[in-house]
Amino acid sequence: MNEFFTKYFPNIWNLREDILLSTYETIYMVVVTSLFSVLFGILFGVTLVVADRGGILENRLVYSVLEKLINLFRSIPFIILIAVVVPLTRLITGTSIGMNAAIVPLVIGIVPFYARQIQNALVEVDSGIIEAAQSMGLGPLEIIFRVYLKEGLSAIIRASSVTIINLIGLTTMAGAIGSGGLGSLAINKGYNRFQTDITLVATILILILVFVCQFIGDYFTKKTTH
């Protein structure tokens, strides 16, 4: 067994602390970015639904402006977005490298995607239930929390799972420009130094994170489906 690892994975043991640190950095970026994304993504997604034509708070101006902004930021390739928001990143975090700095472009990059996912999830809510809630005298906020978010919970969880998996991919891309994490490990200490075993292990760890997120998402989706 020792000969097998010495032959095929010669650098793993020597860089074990870097591997653990990179895994922590990736999880940290995903968790913190997810928290901000849930906050802003649900806010923007709900706004798109209620402000759309026929919505409970129809406002074509708000809908048009917000939709165009979301489409704009979704259209910018993430690697370019990182460079574009460098001044903002430095203003907020004081630096343009490191995992904290990476959170700024990650949030800006993932929120439009998540907001659109939330919009798609909420438009699936039966309009009959919304009309019934309105006839019972429920206000807009009550309809949002007690109808849209409650009835659309399963779809929201499914959308969140897809978004987090996409986010893991973005953290690896951010790693190419010094954010840290498994992406940085795979590129800087694996690919650039011709240490194939490091690149392989980093890839396997990323896949494990993806599978775990997918499993958790599927579990809670089934639990909340009714």
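These numbers come from a predicted model, not from an experiment.
For the residue pair D218 / Q214, a side-chain donor-acceptor distance below 3.5 Å is found, with atom types taken as modelled. Using modelled atom types and a 3.5 Å distance limit, the side chains of Y191 and T196 yield no donor-acceptor pair.
In this structure the side chain of R116 reaches within 4.5 angstrom of the side chain of E67, judged on heavy atoms. Looking only at side-chain heavy atoms (C-beta outward), Y114 and I118 come within less than 4.5 Å of each other. Put simply, the side chain of N59 does not reach to within 4.5 Å of the side chain of D52, judged on heavy atoms. Looking at heavy atoms from C-beta onward, L21 lies out of side-chain contact with E17 at the 4.5 angstrom threshold. Counting heavy atoms from C-beta on, the side chains of T221 and S161 never come closer than 4.5 Å. Considering only heavy atoms from C-beta on, V50 stays 4.5 Å or farther from E58 through its side chain. Here the side chains of F113 and L167 are not in contact, with every heavy-atom distance at 4.5 Å or above. Annotation: side chain of V201 is not in contact with side chain of L15 (no heavy-atom distance under 4.5 Å).
Residue R16 places its CZ atom among more than 12 non-hydrogen atoms of other residues, nucleotides or ligands, all under 6.0 Å distant. No more than 12 heavy-atom neighbours from other residues, nucleotides or ligands sit within 6.0 angstrom of CZ on F36.
For D18, the salt bridge (charged side-chain N to carboxylate O under 4.0 Å, His left out) criterion is met by K189, not counting sequence neighbours. Under the salt bridge (charged side-chain N to carboxylate O under 4.0 Å, His left out) criterion, R193 pairs with no residue, sequence neighbours left out.
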side-chain contact (heavy atoms from CB on, under 4.5 Å) assessment of L209 paired with L182: CA-CA 11 Å; L209 291 177; L182 292 169; 4.2 Å; yes
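Atom CD1 of residue I110 and atom CG of residue N166 lie 4.5 Å apart, to the nearest 0.5 angstrom. Taking CD1 from I156 and OH from Y148, the interatomic distance works out to 11.5 Å, rounded to the nearest 0.5 Å.
The aromatic rings of Y24 and Y28 lie tilted to each other, with the angle between the two planes from 30° to 60°.
Under a hydrophobic clustering in which Ile, Leu, Val, Met, Phe, Trp and Tyr are joined whenever their side-chain heavy atoms come within less than 4.5 Å, directly or via other members, L39 and L141 fall into different clusters.
I97 pairs in a side-chain contact (heavy atoms from CB on, under 4.5 Å) with only one of the listed residues (N100, T93, T95), which is T95.
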